[in-house]
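Shown next, in structure tokens, is the structure this report addresses.
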Amino acid sequence: MKLTFFLNGREVTCDISPEMTLLTVLKELLHVNSVKRACLQGECGACTVIVDGDAMNSCLILAATVGGKHVETLESLGDSQHMHPLQKAFLDTGAFQCGFCTPGFIMSAKALLDKNPHPTEEEIRYGLSGNLCRCTGYVKPLEAVKAYVAAQSDIKVNEDAVQAVKAAAEQMGGAH
Amino acid sequence: MIRKGRGIAGCLYSLTVPNAPNPCTANVLMREDGSVNIQMGIVDIGQGAQTAMCMMAAEFFTIPVEKVRIYTADTHATPYDFGTLSSRLTFVGGRALLNACQQVMDVLKSAAAMQLHTLPERLYCEGGFLKDKYDPAKMLPIQAAAAISQFVCRKMPMGQGEYYPFNVPADENGCGEPSVSYYYHASVADVEVDDETGVVTVKEIWSAVDCGKAINPSAVVGQCDGGTLQGIGWALGEDMYPYCTHNDGPAPEFDPDFRPRNLSDYPLPTTMDAPEIHSMFVESHDGEGPYGAKAAGEICANTAAPAIVNAIHDAVGVWITELPATPDKVLRAIREKQEKEGA
Amino acid sequence: MYEKQDYEVIGHSRPRNDAPGQVTGTVQYVCDLHLPGMLYAKPVLSTEHHARILSIDASAALALPGVHCVATSADAPDYCYGVTDHDTPCLAVNKVRYKGEMVACVAAESYALACKAASLVKVEYERLPAVFDPRDALKPGAPVIHDECQGTSYEGNLLLAGPGKTLKLRVGDVDKGFAESDVILEREFCTNPQKPLPIEPFATLAAPDDEGGLTVWSTQQCVFGIAEHVASIVQLPMSKVRMVAPAVGGGFGEKNQVGTEPVTALLAKLTNRPVKLELTTEESLMFTGTKHPMYFTYKLGAKRDGTLVALKWDCVTGCGAYSSVAKLISGKVAFWGAGPYLIPNQWSDVKIACTNKQIGSAMRGFGMGQPTFALEVLMDMLAEELGMDPLELRKKNMFRDGEHMSTGQAIRASGIGLCLDKVAEASGWGK
Amino acid sequence: MLEAAPGGKILAGGTDILVTLNGNAVPDDLTLVHIGEIAELRRITETETALKIGCLVTDTMLAGSAAVEKYAHALWQAARESAGPQVRNRATVGGNIGTASPAADVVCALEAMDAVAHIVGPGGERDARLGEIITGPKKTSLARGEIITELTVPKGASAFEKIGKRQAMTISIANAAAWVELEGDTIRALRVVIGSAAPTHVRAAEVEAALTGQKVSRAVVEEKARLAVHSISPLTDQRATQWYRTEVVPVMVARAILAACEQGGWNT
């Protein structure tokens, strides 16, 4: 069975068997590195990709149903030379530890921010509630998204908001 | 009706494995441009051990961290390490690394002494230079010393370090030294208990870890955040055998086939469950540890559960002595209390 | 000795050295590794809590085109491992001891094919009575789980630990202490088997190299510790087995015991092809270890002014189907049950009982979380009894530098006071 | 509209069926008919008295539509609180009904709103209430090849309450939805549906009878809500014990009714 879809803007054609999920196609056939395989039950969010603007678990999408659609993975945001500001925000706040859930987290954050550029804290938590992380307690990842939103907002970039995130960790006692 | 409560808890933790030798070894090589290669058998599972080792080496040689590269966890290319467990990597790995760095420094100092016509003991390292204590004019960049040692003195600036943490298995009466250092942690939890449904929500939690010396502060704070949320998960609902914790014998509802098989039934906390976590660290500076550092990883998961149970008592006046404090147990305890007061 | 001073690099936050790779998705974990000619493995987990294995029929599975091998314990008969007691097989040997234990493992061309073949492996069980509560396992007449290692490692279901079969601490005289105490509190506590559950489940890729050895990439926390077990199952000298841990997606203790490494290495040796075994989270939940559930009886004696005089704690630890790290963890429970407080008389008695539950593995806290829960709740109960502020009660009895712990060790750089003050001040305790 | 596929199953969002297929052997005779691309079924239209919801409408579309929030508040809350964002972007209303899980949040809200499903099949078209379609856990009365195409949800004041093991991505331990028709402060008509406390969603008939015609007040509603215990038959499972469900269902029912009245204009 032939499948044609757009992966990160590039048209891709591959030969799949009908019962393959999009995750299997991305991992076993196309060797996409950023999409992670973990729970296969649509509950951990590590395999989150953006399909036509919506964040979805690629382990619950039958590959045959994405014919002609636009699938975006973390590789579409930018590489280490020229990073997307959202990636830079996660880097600067030291938001991740083991980094296994990072790609899924950033894709969910991007999908959330594409629809709602200035979310409140509650909306950020609600938008990222489909991504599980065991290392960070979600403190710094949420900080990173808030710092990105602050940096992107139209009002003059609030320098001390981004600095506060850095200073908070360094000041002895690190109290937020 | 939502009732508020606050609870506190403290904890001790003994570093390193108590009753077995658990050494760590490190190889360090300085190249002629002053950059450093480290090989260690440690495994970085996300706690930031690699970054901490690079920072310690950079501090020792007073060179930028970017010039230090570490390769870990490969039995054919890295020297032995016991394993990433019982909070030992920063302490034991750090000491092993610094022993190896000291060997490299001795080689560099002897080469610099020959170049500067002074004695190796008079040299000290500062700002990327080897300087003479008594004659400020005599100074040599570190990379120059490395090049001279390698190509002129025919001595490769490399070193191997190991560190066996001192431990004597303790006997029945407590005599012995089960651990080389101890670190501490405390947390205060604010909870809200809905006394109609028994649901406990942690609103805010402050937790401070005694890490001796914070090598990488944001990593220490990160470890404290993650450990606190794991402790909250343990306290409120994570259970592989539901209904198995019952003080007087197995619970009537216990059924071994109730084991959760997916992440919906095993309630790992999500972003909506995570409270306001304020993680902090205090520095008690243990001279035994590398630069006074102890550890930060494991202890943060231990005090959240007792602090939450104490807070539940403060809120609704019931003692939950069987973890997890599920809504079922909290509501049962509240009903019993109401009956006792009512009767 | 390192004196206290400010440093150039240390003490200043830095992102992790592999952070750029993390945020751009280039960091490689085991699930991202692919080798040409790689086979996919799928485990067959036991569906019985406690049963004798009568037969394993893999003929239907092997008949499928593209299925290369179905490994069972017959392929590695004399392989046994364990951290303290050698009682754990890689694949169940003539008996399964917990539901989810690996009985066989299939290697096939694709993961879907491996799943299909795994469902065709027929395992015939003869169900045996099972016991789940550690306290029931110690009662006479309970079904015996380890009948081979009786006398050496086990006595009935009691794991023999320490000289007197149980782990004890005898400091001072608790009876005299309780006699002198004004207030005595005795409560029971128990803690639940939490799962470390890092988001990345166990995954191993084993590939034969051209020198007759093996290279094994795996999600593990100690490369050297597990290399020894892999070498013994494939009967190769350690020099021929290269263990590598690429980026690991969290461990929290679950990955420092043996997991899927030996069985994947065995499959690679049998098929002479690279084999990748990746557990799904559901298999990881069923097969790998949990925090040890513990059942405490704590008895604390104190004076009216809050000075702690005597503490006695008995504990039954459920180590699950195999011993794993139960002895090390119970050793810490037996020794450090008194936490960061000076209590002159301390007695403890810790028994370890095996049950037909998942193996108790190391988890973040390694045996300190459970007694801390019991003691800290008991301290608050005592504070309520004495009408004292819980913070004051703790600060009255906590360790102080220069003194000795009740078990004799010197107290150096004690930070418990600093921590308590820090969180009390930050949270506005008492206001 | 749809040719009957022998031995086949209908694939809309796929968030339930693929969980069973992933990591397990795929049955040989399974044929999936993917209807996800039919645009007409993926629309919410508003009429004078009701909302017409296509079977392919996803939870995210429900949670994002102002009309649903205003006129079918219970459905809006249920869609917001079920599963996680990624699953809500794919899970469809039709699929939710087809899976017929006794704990389903959206089905609970729809039944409270007295939604009518329009079913098309080889035997022609018919309308049916959800109570008739869902006959047991994971069992529906849909004949082979029949498919739900559209739901008609009458407008009204309603609310939904849910309790789970955690705040997001959790299957309900107990959920309750209430629809109310107010006249000033008295309840003219009331419908209450309780989920995951019986093999299927059940109507709390005694509570409805007791409260119809009553004046709304917190005390009366909480007192009468205790009657809900008679219409449920909860079990103990890995999520909650029978005792707990019996204790918590009246609380959920009371809260749902009071919230529905508030949404209907009753000020406390």
Side-chain angles (χ1 to χ4, degrees), chain B residues 8-13 43 45-46 48 50-51 54-55 58-59 65 73-76 80 83-86 172-174 184-188 206 208 210 215-218 234 238-241 245 247 250 256 261 280 282 284-287 291-292 298 301-302 305-306 309-310 321-324, chain C residues 1-2 4 7 9-10 13-14 16-17 49 132-133 168 170-171 187-195 221-225 227 242-245 248 250-251 256 282 290 335 339-340 362 364-366 368-369 372-373 376-377 380 390-391 394 407-408 413 415-416 418-420 422-423 426-427:
Chain B
I8 190 168
C11 173
L12 150 91
Y13 198 92
V43 183
I45 56 171
Q50 286 184 347
T51 318
C54 293
M55 290 171 80
E59 180 68 44
V65 186
D74 182 341
T75 52
H76 277 196
Y80 180 83
T84 306
L85 41 100
S86 71
E172 223 176 64
N173 308 98
Y184 304 86
H185 183 263
S187 53
V188 169
W206 294 265
D210 156 32
I215 305 287
N216 186 357
S218 70
W234 183 42
E238 290 188 33
D239 198 345
M240 276 313 291
Y241 286 88
T245 53
N247 278 338
R261 306 179 70 94
M280 303 162 251
V282 293
S284 58
H285 191 78
D286 179 3
Y291 298 108
E298 298 203 56
N302 292 348
V309 165
N310 293 339
T321 57
E322 302 155 2
L323 275 185
Chain C
M1 291 298 283
Y2 294 88
K4 191 176 173 66
Y7 297 101
V9 175
I10 285 177
S13 292
R14 286 186 58 77
R16 295 169 48 84
N17 51 3
H49 293 289
F132 298 101
D133 195 294
K168 287 191 269 294
R170 296 289 179 267
V171 170
R187 293 291 187 286
E188 288 188 349
F189 298 91
C190 47
T191 64
N192 49 327
Q194 181 185 20
K195 190 95 175 65
Q221 291 182 213
C222 41
V223 225
F224 287 87
R242 176 177 173 228
M243 298 290 296
V244 179
V248 176
N256 68 19
E282 181 180 1
T290 70
F335 202 84
R364 189 177 202 161
F366 202 80
M368 298 300 286
T372 298
F373 165 70
E376 289 301 311
V377 174
D380 259 51
L391 176 62
R394 286 175 170 79
T407 43
I416 182 66
L418 295 169
C419 288
L420 287 170
K422 189 84 194 179
V423 284
S427 64

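Chain A is the first sequence line, chain B the second, and so forth, proteins listed ahead of strands; every chain is numbered from 1. The figures that follow rest on heavy atoms only: side chains count, while hydrogens, waters and symmetry mates do not.
Interatomic distance, C:Q194 CD to B:E238 CD, rounded to the nearest 0.5 Å: 4.5 Å.
Residue with the most contacts toward chain B among C:V423, C:L420, C:T407: C:V423 (heavy-atom pairs, distance under 4.5 Å). Contact count against chain C (heavy-atom pairs under 4.5 Å) is highest for B:N310 among B:I215, B:N310, B:T84. Between chain C and the residues B:N247, B:T51, B:V65, the most heavy-atom pairs under 4.5 angstrom are made by B:N247. Counting heavy-atom pairs closer than 4.5 Å to chain B, the top-ranked of the candidates C:V244, C:V377, C:N256, C:T290 is C:V377. Between chain C and the options B:V309, B:V188, B:I8, the largest number of non-hydrogen pairs under 4.5 Å is found for B:I8. Counting heavy-atom pairs closer than 4.5 Å to chain C, the top-ranked of the candidates B:G10, B:S86, B:A58, B:G46 is B:G10. Chain C forms more heavy-atom pairs under 4.5 Å with one residue of B:L12, B:T75, B:V43 than with any other, namely B:T75. In terms of non-hydrogen atom pairs under 4.5 Å with chain B, the most contact-rich of C:N17, C:L391, C:V171 is C:N17. With chain B as the partner, the residue from C:G365, C:G408, C:G250, C:A245 showing the most heavy-atom pairs under 4.5 Å is C:G365. Comparing C:R242, C:H49, C:E282, C:M368 by heavy-atom pairs within less than 4.5 Å of chain B, the highest count is held by C:R242.
What you find for B:V282 and C:C419 is that their closest heavy atoms are CG2-SG, 3.6 Å. Across all non-hydrogen atoms, the minimal contact from B:A9 to C:E376 is CA-OE1, 3.4 Å. Minimum heavy-atom separation, B:G83 to C:C222: CA-CB, 3.3 Å. In terms of heavy-atom proximity, B:N302 sits nearest to C:R364 at OD1-O, 4.2 Å. Across all non-hydrogen atoms, the minimal contact from B:S284 to C:G415 is CB-CA, 4.2 Å. Contact detail for C:P193 and B:D239: the closest heavy-atom pair is CD-OD1, 3.2 Å.
Distance alone, capped at 3.5 Å, places no donor-acceptor pair between the C:R16 side chain and the B:Q50 backbone. A donor-acceptor pair is defined here as one N or O able to donate and one able to accept, closer than 3.5 Å; no such pair exists between the side chain of C:T191 and the backbone of B:L323. Judged purely by atom type and a 3.5 angstrom limit, B:E59 uses its side chain to pair as donor or acceptor with the backbone of C:I10. With hydrogens and angles disregarded, no donor-acceptor distance shorter than 3.5 Å links the side chain of B:T245 to the backbone of C:N192. Using modelled atom types, no side-chain atom of B:D210 and backbone atom of C:I416 make a donor-acceptor pair closer than 3.5 Å.
By the 4.0 Å N-to-carboxylate-O rule, B:E172 lies too far from C:R170 to be salt-bridged with it.
Heavy atoms closer than 4.5 Å to chain C are found in both the backbone and the side chain of B:C11. For C:R394, the part lying near chain B is the side chain, with the backbone staying farther off; criterion is any non-hydrogen pair under 4.5 Å. Both the backbone and the side chain of C:D380 come within contact range of chain B, with heavy atoms under 4.5 Å apart. For chain B, the nearby parts of C:T372 are the backbone and the side chain; heavy atoms of each come within less than 4.5 Å. With a 4.5 Å cut-off on non-hydrogen atoms, C:A227 touches chain B through its side chain but not through its backbone. Of the atoms belonging to C:D133, it is side-chain heavy atoms, and not backbone ones, that fall under 4.5 Å from chain B. When heavy atoms are compared at a cutoff of 4.5 Å, B:H285 approaches chain C by way of both its backbone and its side chain. Only the side chain of C:F335 comes within contact range of chain B, judged by heavy atoms closer than 4.5 Å.
Aromatic ring centroids of B:Y241 and C:F132 lie 6.0 Å or more apart.
Taking the side chain as every heavy atom from C-beta outward, B:N216 and C:S13 approach each other to under 4.5 Å.
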